[in-house]
**Q** 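Take a look at the following structure, please.
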Amino acid sequence: MGSVQKEWLVYFYNARTVRYAKWTWWWKPKPGFSHCGALHYDTNVKHWIHVEFNHAGIETTILSPIAAEELFAKLYDFKILICPKKNDWHLMRIKELSCVSFVMRLIGFYKWWIITPYQLYCALLKAGYKPFWEKRENHGKKNS
């Protein structure tokens, strides 16, 4: 089965919930890096698609233009990376299923040692992935 997916916008934000905090008492996330998810703009239907893995399972939402605008406004203060999909084939991936492992599988990026959103963010930057907001803020500006 093939994929026509070209790139995802992977976002990182703070989503600690009191409901499940007792199960993750040992985990002290970096500020703003307790959860990650992904967005993709589908040019066929001209809508943003939002995908995330949480305690309820995998959620996929097709966002209306207004809902997409509200989500981007909410995410403006958080980190977003542009992540082209690649094929990173491995024979066996023994790993928990979390938002981090879900996003890594989604974009075809795999490092066995990554378990937190902050580790994923740092590894993606080190691998050359570019910040989304930086690209948009520099768009249209003349170089002096």
Side-chain angles (χ1 to χ4, degrees), residues 1-89 93 95-144:
M1 216 157 126
S3 173
V4 295
Q5 181 64 47
K6 298 292 185 224
E7 74 181 10
W8 290 92
L9 298 181
V10 175
Y11 63 84
F12 301 87
Y13 75 102
N14 192 19
R16 295 284 288 188
T17 60
V18 176
R19 182 176 178 191
Y20 296 103
K22 67 181 178 182
W23 301 108
T24 58
W25 57 268
W26 50 269
W27 179 45
K28 305 284 190 254
K30 300 281 185 191
F33 288 95
S34 66
H35 185 63
C36 58
L39 294 159
H40 166 68
Y41 187 75
D42 188 328
T43 57
N44 294 325
V45 295
K46 296 183 175 38
H47 285 288
W48 283 96
I49 299 171
H50 180 216
V51 180
E52 68 178 325
F53 178 84
N54 57 34
H55 295 289
I58 298 170
E59 291 188 19
T60 303
T61 310
I62 298 174
L63 302 172
S64 69
I66 293 170
E69 190 174 311
E70 289 173 358
L71 181 60
F72 274 101
K74 179 177 151 184
L75 291 175
Y76 187 74
D77 293 329
F78 301 107
K79 303 293 183 187
I80 300 178
L81 296 177
I82 301 168
C83 300
K85 183 184 174 295
K86 64 178 190 168
N87 293 319
D88 190 9
W89 190 86
R93 294 185 187 188
K95 191 146 173 87
E96 79 296 341
L97 188 56
S98 65
C99 63
V100 173
S101 59
F102 177 77
V103 166
M104 283 195 299
R105 285 180 174 96
L106 185 68
I107 64 173
F109 184 86
Y110 181 73
K111 303 291 182 211
W112 66 269
W113 49 266
I114 296 175
I115 59 171
T116 69
Y118 185 70
Q119 288 174 322
L120 177 59
Y121 177 76
C122 292
L124 290 173
L125 284 178
K126 188 175 181 181
Y129 291 75
K130 301 294 180 203
F132 176 71
W133 294 127
E134 180 180 292
K135 184 176 182 180
R136 297 196 41 98
E137 288 169 0
N138 293 331
H139 181 70
K141 291 184 180 177
K142 292 183 180 179
N143 292 335
S144 307

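We're numbering straight along the sequence, starting at 1.
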**Q** Mark yes or no for whether Trp133, through its side chain, and Phe78, through its backbone, hold a donor-acceptor pair below 3.5 Å.
**A**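 The answer is yes, because a donor-acceptor pair under 3.5 Å joins these two groups.
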**Q** Might you point out which heavy atoms bring Thr116 and Val100 nearest each other, and give the distance in Å?
**A**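 Residues Thr116 and Val100, closest heavy atoms: C-CG2, 3.5 Å.
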**Q** Output the distance between atom CD1 (Ile49) and atom CG (Asp42), rounded to the nearest 0.5 Å.
**A**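 Rounded to the nearest 0.5 Å, the CD1-CG separation comes to 4.5 Å.
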**Q** What closest approach, in Å, do Ala68 and Trp48 show between heavy atoms, and which atom pair accounts for it?
**A**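 Minimum heavy-atom separation between Ala68 and Trp48: CB-CD1, 3.6 Å.
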**Q** Take His35 and Glu52, measure what side chain to side chain contact (heavy atoms under 4.5 Å, CB included) needs, and give me the verdict at the end.
**A** CA-CA 9 Å; His35 185 63; Glu52 68 178 325; 2.8 Å; yes
**Q** Could you tell me if the side chain of Phe109 sits less than 4.5 Å from the side chain of Ile114, heavy atoms only?
**A**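 The answer is yes; the side chains approach within 4.5 Å.
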**Q** Over all heavy atoms of both residues, which pair between Leu106 and Ala38 is shortest? Give the atoms and the distance, please.
**A**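 Looking at all heavy atoms of both residues, the closest pair is CD2-CB, 3.5 Å.
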**Q** In this structure, which one of Lys79, His50, Lys74 forms a side chain to side chain donor-acceptor pair (under 3.5 Å) with Tyr11?
**A**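 When Lys79, His50, Lys74 are each tested with Tyr11, the side chain to side chain donor-acceptor pair (under 3.5 Å) holds only for His50.
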**Q** In terms of ring plane angle, is the pair His40 and Trp8 parallel, tilted or perpendicular, where the classes change at 30° and 60°?
**A**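 Rings of His40 and Trp8: tilted, as their planes differ by 30° to 60°.
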**Q** Measuring from atom OH of Tyr76 to atom CG of Leu71, what distance do you get when rounded to the nearest 0.5 angstrom?
**A**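 Nearest 0.5 Å value for the OH-CG distance: 15.0 Å.
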**Q** With no hydrogens and no angle check, is any side-chain donor or acceptor of His47 less than 3.5 Å from a backbone partner on Leu63?
**A**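 Answer holds: yes.
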**Q** Drop me the distance from Ile82's CD1 to Ile107's CD1, to the nearest 0.5 angstrom.
**A**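 Ile82 atom CD1 to Ile107 atom CD1 measures 12.5 Å (nearest 0.5 Å).
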**Q** CD1 of Ile62: more than 12 outside heavy atoms within 6.0 angstrom?
**A**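 Atom CD1 in Ile62 is not crowded, with 12 or fewer foreign heavy atoms closer than 6.0 Å.
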**Q** Quick one: pull up CG in Leu125 and CG in Leu120 and give me the separation to the nearest 0.5 Å.
**A**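 CG of Leu120 is found 9.5 Å from CG of Leu125.
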**Q** Between SG of Cys36 and CZ of Phe12, what distance do you get to the nearest 0.5 Å?
**A**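 Here the rounded value is 5.5 Å.
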**Q** Quick one: do Phe72 and Leu9 satisfy side chain to side chain contact (heavy atoms under 4.5 Å, CB included)? Show the steps, please.
**A** CA-CA 11 Å; Phe72 274 101; Leu9 298 181; 4.0 Å; yes
**Q** Between atom OG of Ser64 and atom CD of Glu70, what is the distance when rounded to the nearest 0.5 Å?
**A**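 Reported value, rounded in 0.5 Å steps: 7.5 Å.
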**Q** Write down the atom of Cys83, the atom of Leu124, and the distance for their closest heavy-atom approach.
**A**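 Taking Cys83 first and Leu124 second, the nearest heavy atoms are SG-CD1, 4.0 Å.
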**Q** Sequence neighbours excluded, which residues qualify as side chain to side chain donor-acceptor pair (under 3.5 Å) partners of Glu59?
**A**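 Glu59 satisfies side chain to side chain donor-acceptor pair (under 3.5 Å) with Asn54 only.
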